[in-house]
> 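Attaching a single structure in structure tokens format; questions to follow.
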Amino acid sequence: MQEKNDRIKEIYYELLDFYGPQGWWPGETRLEVIVGAILTQNVSWKNVEKSIINLKKEGLLNINSLLNIEDEKLYTLIKSSGYFRQKAKRLKDFLRFINDNYGRIEEMINDRNIREKILNVKGIGKETADSILLYALDLPFFVVDTYTLRIFKRMGLIEDINLKSYEEIRIMVENSLDRNVKDLKEFHALLVEHGKKYCKKEPLCDKCPINKKCRKNI
DNA sequence: AGCCAGGACTGAG
DNA sequence: CTCAGTCATGGC
């Protein structure tokens, strides 16, 4: 176990050394991070950028405006992010959750059970929840995504990919990086960057600069 | 022309 | 609980 922790920290510094700091999350405000986190579900970030720009251009990137906007109008603004009907609802549901229970986004930071409560909002799964906690609220949670699972599996750090391995990895990484928010932010960003370049589903990479003995078994 | 992208929910078995 | 089906656009 301690062995895995050391290996994880090692991987983090190798990636950091190779790619350099990524400076995530790309977003100017906490709300923008939250909106981006929901919109980027199973969609490339490029698609989301357009939606964010649309919202900004219309001056709608604030909780009140987004809560009161017509569904049809929201659809057209976020259409590029795909699943626009679902995502419009998820956005509103989550903003309503904030409004009703906290009023301001900052108030969520002090809630001891914030992860649990966020996960209870429909449309917010583990990855989206942890993205919001880490990048919008600056809380020490690690974000596990498909790249992370794939990379860690090819590294030989986990056997299977399922919801249990998600929690396993999340806890391991949080411990390995001493719950340091800056490092947790950077590590996830680096894994995404590395995933896009060298650890995609297809084709299987045979010249990974980080993982010399890649298992390529997914 | 498919396949995949910074997922999550639902219903079936 | 595991898992296919569903949701949808854009880029390569």
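So you know, we letter chains A, B, ... as the sequences are listed, proteins then strands, and number each from 1.
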> Contact between Lys92(A) and Leu74(A) at the side-chain level, heavy atoms closer than 4.5 Å - yes or no?
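A side-chain contact exists here, since the closest heavy-atom pair is under 4.5 Å.
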> Measure up the Phe152(A) and Phe187(A) rings against each other and bin them: parallel (under 30°), tilted (30 to 60°), perpendicular (over 60°).
tilted
> One character per nucleotide, please: for nucleotides 2-11 of chain B, 5' to 3', B when the base has a protein heavy atom closer than 4.0 Å, S when only the sugar-phosphate does, - otherwise.
--SBBBSSS-
> Say we look at dC7(C) and dA1(B): how far apart would their P atoms be, to the nearest angstrom?
25 Å
> In terms of relative ring orientation, are Tyr135(A) and His188(A) parallel, tilted or perpendicular, with 30° and 60° separating the classes?
tilted
> Which whole number of Å gives the distance between the P atom of dG6(B) and that of dT6(C)?
24 Å
> Would Glu116(A) and Asn120(A) count as a side chain to side chain donor-acceptor pair (under 3.5 Å) if you check the C-alpha gap in whole Å, the side-chain angles of each, and the deciding distance to 0.1 Å?
CA-CA 6 Å; Glu116(A) 194 180 308; Asn120(A) 276 330; 5.4 Å; no
> Give a yes or no on whether Glu28(A) atom CD has more than 12 heavy-atom contacts from other residues, nucleotides or ligands under 6.0 Å away.
no
